[in-house]
Structure formats: structure tokens, C-alpha cells
Amino acid sequence: MVKHSPASLNGKTLLITGAGGDIGLACARALGQLGARLALLDIDAEKLDSAQAELAEQSITCMTTQCNITDAAAVSRSLDAVERELGPIHGLFNNVGYQGEFVATHHYSLVDFQRVIDINVTGAFIVLSAVTARMVQQGGGTVVNTVSMAALGGPPNMLAYATSKAALLGMTKTAATDLAPHNIRVNAISPAYMGPGFMWTRQVELQAAAGSQYFDADPAVVEQQMIQSIPMRRYGNIDEIPGTVAFLLSDQSSYITGVNIPISGGIG
Ligand SMILES: NC(=O)c1ccc[n+]([C@@H]2O[C@H](COP(=O)([O-])OP(=O)(O)OC[C@H]3O[C@@H](n4cnc5c(N)ncnc54)[C@H](O)[C@@H]3O)[C@@H](O)[C@H]2O)c1
């Protein structure tokens, strides 16, 4: 029998990747407040330390593990450490992402293309497959992948990023099909233009510098151009993301899998 109460994550151990970044940390705060025990994973040790210090002040149970998600052996060691300290992982927020450079398709460098695919696709796969292999043994779990509206909207100058996020959307759907018999749900969120934060600022500045016909050369104008492409005429606040992630990781979404939830209507 499904219980209808606000999304509770009491008793759940959740792994958040990219936890030192803007979206990862905002979600860590919210998921911790809903009762989850958190394992924070990031490549950046300083960001992890500062996230852990902030969450400790809020009495949120959390541990950190520094890890490059493109290194399968390192991911496996991190998962071992999480299980030792917090027990089995019930939910994964597979959230690391790198935007790549901002240049038109015919100038896009192979080196950067491969870097974006390595982090956003191969890295996401490594974490997804390693965590769900353990969830299969445990008898179930939930996963939320951070895709992007860039997967669907054809944003200019973001060839590798758009390609990588489209791949992650495909990965979400096939993983959902493969893992449903094992009681594992796999869904995605697709933020569009979200801010304030590192990615918003970087995107505005790099689109301005890219010299395309689609955006002005002045970042202040680019900001307005992007906002005018959003139906709600404002960028989404990072704090408007965690509620959807919590819902998808909670038992409230117990019959939802293979779904991608767009957050705000922009394309980037
Ligand atoms: N902010 C936005 O506007 C926006 C919009 C759509 C989608 N997204 C997606 O949301 C996710 C989070 O974005 P964000 O805005 O918080 O970005 P962010 O840059 O603030 O955070 C990303 C985090 O990932 C970490 N990271 C990068 N490479 C790593 C690796 N190889 N191994 C482990 N950690 C690594 C970084 O250290 C950083 O802490 C990404 O997948 C991004 O593509 C963001």
C-alpha cells in the first residue's frame, strides 16, 4: 500500500555526484533536510570540505568521497567506502556534468568533445552501472540522472554538451527498461537555464564571446536574450530543482521510471 505523505527520505542512504557544485549542493541540503543520510562525491576536495561543513551545521548526516567519475576503479573504491560508513546505497543522484567549450560545430575541437563525452556520458555510465549492480544485489533502488534541456533544444555552440546529454537521456531510458525487473527506477531531470551559479554565468559569458548570430557580444544582453526564450521569462532558480529530485528518489514516485522531467522551458 502506497503511503501518501510529503516526500520523506528517512532511513535512505543517497549518493550525490557533483555534490560540490551548485545543483549538487542545493539538492544535498534539501535531501538531507528530508531525512536522508548523504554520501557526497566530487573531484574537488575543497568543495567537498565546504559542503560537509555546511551540512554538519544543519545536523545532516553526511560523508564525503573525493573521486573522478571517469575512473572506474576509483568509483568502485568510493562505493565501498560509502557502504562501509553508511550502509547500502538506496538512491543515486548521478549529477556530474561539464559544459565544454562554446564554439560552432565546424570549429569544435576533438579534444574538448572527447572530454565532455568522457565526463558526461562515460563517467555517468560508470557510476550508474557500478551503483545499480549493487542495487540489484540489494533488491532495489532509485536513480536520478541530471540531463539538460540542451539534449532536446539544439542550443547553439554547445555541440558536445548537447550530444552528451542526449546520450544520457537514452541511457536513462534503456537503464530504466533493463532495471525495472530488479525493482530499480531510473529517471532524469532536465534543467534548462538555471541560475544564479557557475554554469549560468559561464554560459552567458561564453555565448557572448562565441560570436554567433544568435547572441549579442555583450553578456548583459545575452542574459536578456536567454531569459526572453524562456516561457516564464526568468531563469530557474537552482533551489527550484531539489523538490523534483527528492520526489523521484522517494517512494512517492514508486511507479515512475524512464521519465525525463524538464525544469523550466529554455533550451540550454
Ligand atoms: N546549472 C545549469 O544551468 C544547468 C542546466 C542544465 C543542466 N545542468 C547539469 O546539472 C549538473 C550540475 O550542474 P551545476 O550547475 O551544479 O554545475 P557545477 O559546475 O556547479 O557542478 C559540477 C560539479 O561536478 C564536479 N565534477 C566535474 N567533473 C567531475 C569528475 N570527472 N568527477 C567527479 N566530479 C566532477 C565539479 O567539481 C563540480 O563540483 C550537470 O550535469 C549539468 O550539466 C546544469
Side-chain angles (χ1 to χ4, degrees), residues 15-30 39-52 64-75 77-79 92-100 102 114-128 130 144-153 155 158 160-169 171-172 188-207 223 226-227 229-230 234-242 244-245 260-268:
L15 171 65
I16 302 174
T17 73
D22 293 309
I23 292 175
L25 180 54
C27 289
R29 289 184 194 110
L40 311 180
L41 183 153
D42 204 288
I43 200 169
D44 187 322
E46 277 180 29
K47 285 181 173 179
L48 283 176
D49 287 347
S50 121
Q52 187 175 33
T64 62
T65 176
Q66 184 191 9
C67 176
N68 181 347
I69 61 158
T70 66
D71 178 343
V75 168
R77 284 194 298 275
S78 279
L79 299 187
L92 164 67
F93 183 35
N94 197 13
N95 170 65
V96 167
Y98 164 60
Q99 276 176 325
F102 281 64
Q114 286 176 328
R115 181 170 180 218
V116 173
I117 298 299
D118 206 27
I119 296 171
N120 295 0
V121 182
T122 310
F125 156 74
I126 288 170
V127 175
L128 175 73
V144 176
N145 292 324
T146 306
V147 178
S148 166
M149 289 304 285
L152 304 164
M158 299 175 76
Y161 186 73
T163 303
S164 71
K165 293 298 187 176
L168 186 54
L169 187 53
M171 198 188 304
T172 302
I189 58 161
S190 276
Y193 292 137
M194 307 301 296
F198 171 69
M199 277 212 179
W200 170 259
T201 305
R202 184 175 187 272
Q203 187 168 201
V204 165
E205 287 173 356
L206 293 183
Q207 286 290 25
E223 191 155 321
M226 287 183 178
I227 286 170
S229 75
I230 302 169
R234 65 174 176 85
Y235 56 67
N237 192 290
I238 299 272
D239 287 325
E240 290 173 300
I241 294 175
T244 307
V245 176
N260 175 42
I261 300 185
I263 298 177
S264 119
I267 60 170

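In listed order, ligands and their atoms are each counted from 1.
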Asks: Considering both backbone and side-chain atoms of Asp22, is one of its nitrogen or oxygen atoms within less than 3.5 Å of a nitrogen or oxygen in ligand 1?
Replies: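 N/O-N/O distance below 3.5 Å exists for this pair.
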Asks: Give the numbers and elements of all ligand 1 atoms closer than 4.0 Å to a heavy atom of Val147.
Replies: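 Per the distance check, 7 (C).
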Asks: Check whether any side-chain heavy atom of Phe102 lies under 4.5 Å from a side-chain heavy atom of Gln203, and answer yes or no.
Replies: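 Answer yes - side chains close enough.
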Asks: Could you tell me whether Pro191 and ligand 1 have an N or O pair separated by under 3.5 Å?
Replies: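 In this structure, Pro191 places no N or O atom under 3.5 Å from an N or O of ligand 1.
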Asks: For Ala26, is the nearest heavy atom under 4.0 Å from an atom of ligand 1?
Replies: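 No.
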Asks: Report yes if some N/O of Asn68 lies less than 3.5 Å from some N/O of ligand 1; otherwise report no.
Replies: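 Yes, Asn68 has an N/O under 3.5 Å of an N/O on ligand 1.
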Asks: Keeping the roles fixed (side chain from Asn94, backbone from Ala124), state whether a donor-acceptor pair exists under 3.5 Å.
Replies: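 A pair under 3.5 Å: yes.
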Asks: For atom 5 (C) of ligand 1, which of Ser78, Ala192, Ala45 has the closest heavy atom?
Replies: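 That would be Ala192.
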Asks: Is it true that a side-chain atom of Asn120 and a backbone atom of Tyr161 form a donor plus acceptor pair closer than 3.5 Å?
Replies: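 No; judged by distance alone, with no hydrogens or angles, the pair does not exist.
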Asks: Determine, using heavy atoms of Lys165 and all atoms of ligand 1, whether some pair is separated by less than 4.0 Å.
Replies: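 Checking ligand 1 against Lys165, which is what was asked, there is a heavy-atom contact under 4.0 Å.
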Asks: Phe198 heavy atoms, cut-off 4.0 Å: which ligand 1 atoms fall inside?
Replies: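 Numbered from 1, ligand 1 contributes 19 (O).
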Asks: Applying a strict 4.0 Å limit to heavy atoms, is Asp118 in contact with ligand 1?
Replies: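 Per 4.0 Å heavy-atom rule, Asp118 does not contact ligand 1.
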Asks: Tell me if the CZ atom of Phe125 is crowded by more than 12 foreign heavy atoms within 6.0 Å.
Replies: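 At most 12 heavy atoms, drawn from other residues, nucleotides or ligands, come within 6.0 Å of this atom.
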Asks: Please indicate whether any nitrogen or oxygen in Asp42 is less than 3.5 Å from any nitrogen or oxygen in ligand 1.
Replies: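 N/O-N/O distance below 3.5 Å exists for this pair.
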Asks: Do any heavy atoms of Gly123 fall under 4.0 Å from ligand 1?
Replies: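 Flag not set, Gly123 not near ligand 1.
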Asks: Would Ile23 count as a polar contact of ligand 1, with the cut-off being nitrogen or oxygen pairs under 3.5 Å?
Replies: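 It does: an N or O of Ile23 is found under 3.5 Å from an N or O of ligand 1.
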Asks: Based purely on interatomic distance, does Lys47 place a nitrogen or oxygen under 3.5 Å from a nitrogen or oxygen of ligand 1?
Replies: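 Looking only at distances, the answer is yes, because the N/O contact criterion of under 3.5 Å is met.
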Asks: Starting at OG1 of Thr122, measure out to CG of Asp71 and round the result to the nearest 0.5 Å.
Replies: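 With rounding to 0.5 Å, OG1 (Thr122) is 12.5 Å from CG (Asp71).
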Asks: Distance-only, no hydrogens or angles: does the Thr70 side chain make a donor-acceptor pair with backbone N or O of Asp118 under 3.5 Å?
Replies: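 Between the backbone of Asp118 and the side chain of Thr70 there is no qualifying donor-acceptor contact (under 3.5 Å).
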Asks: Would you find a donor on one side and an acceptor on the other, under 3.5 Å apart, between the side chain of Thr17 and the backbone of Asn95?
Replies: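 It does hold such a pair.
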Asks: What's the separation between atom CE in Met194 and atom CE in Met199, rounded to the nearest 0.5 Å?
Replies: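 The CE atom of Met194 sits 12.0 Å away from the CE atom of Met199.
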Asks: Relative to the heavy atoms of Gly18, which atoms of ligand 1 are at a distance of less than 4.0 Å?
Replies: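 Counting from 1, the qualifying ligand atoms are 23 (C), 24 (O).
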Asks: Less than 4.5 Å apart, side chain to side chain, heavy atoms only: is that true for Trp200 and Glu223?
Replies: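 Contact flag for Trp200/Glu223 side chains = yes.
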Asks: From Ile23 CD1 over to Thr146 OG1, what is the distance, rounded to the nearest 0.5 angstrom?
Replies: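 Result: 6.5 Å between the selected atoms.
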Asks: Under 3.5 Å, is there a donor-acceptor pair between the side chain of Asn237 and the main chain of Asp239?
Replies: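 Side chain of Asn237 to backbone of Asp239: a pair is present.
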Asks: Considering only heavy atoms, does Tyr98 approach ligand 1 within less than 4.0 Å through its side chain, its backbone, both, or neither?
Replies: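 Neither; no heavy atom under 4.0 Å.
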Asks: Evaluate Tyr161 for polar contact with ligand 1, using N/O atom pairs at a separation under 3.5 Å.
Replies: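 Yes; at least one N/O pair falls below 3.5 Å.
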Asks: Compare all side-chain heavy atoms of Thr172 with those of Asn260 and state whether any distance is below 4.5 angstrom.
Replies: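 No. Closest side-chain heavy atoms not under 4.5 Å.
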Asks: Relative to the heavy atoms of Cys67, which atoms of ligand 1 are at a distance of less than 4.0 Å?
Replies: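 Taking each heavy atom of Cys67 in turn, ligand 1 has 32 (N), 33 (C) under 4.0 Å.
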Asks: Please indicate whether any nitrogen or oxygen in Gly21 is less than 3.5 Å from any nitrogen or oxygen in ligand 1.
Replies: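 Gly21 vs ligand 1: N/O contact under 3.5 Å present.
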Asks: Does ligand 1 come near enough to Ile119 that some N or O of the ligand is less than 3.5 Å from an N or O of the residue?
Replies: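 Such a contact does not occur with ligand 1.
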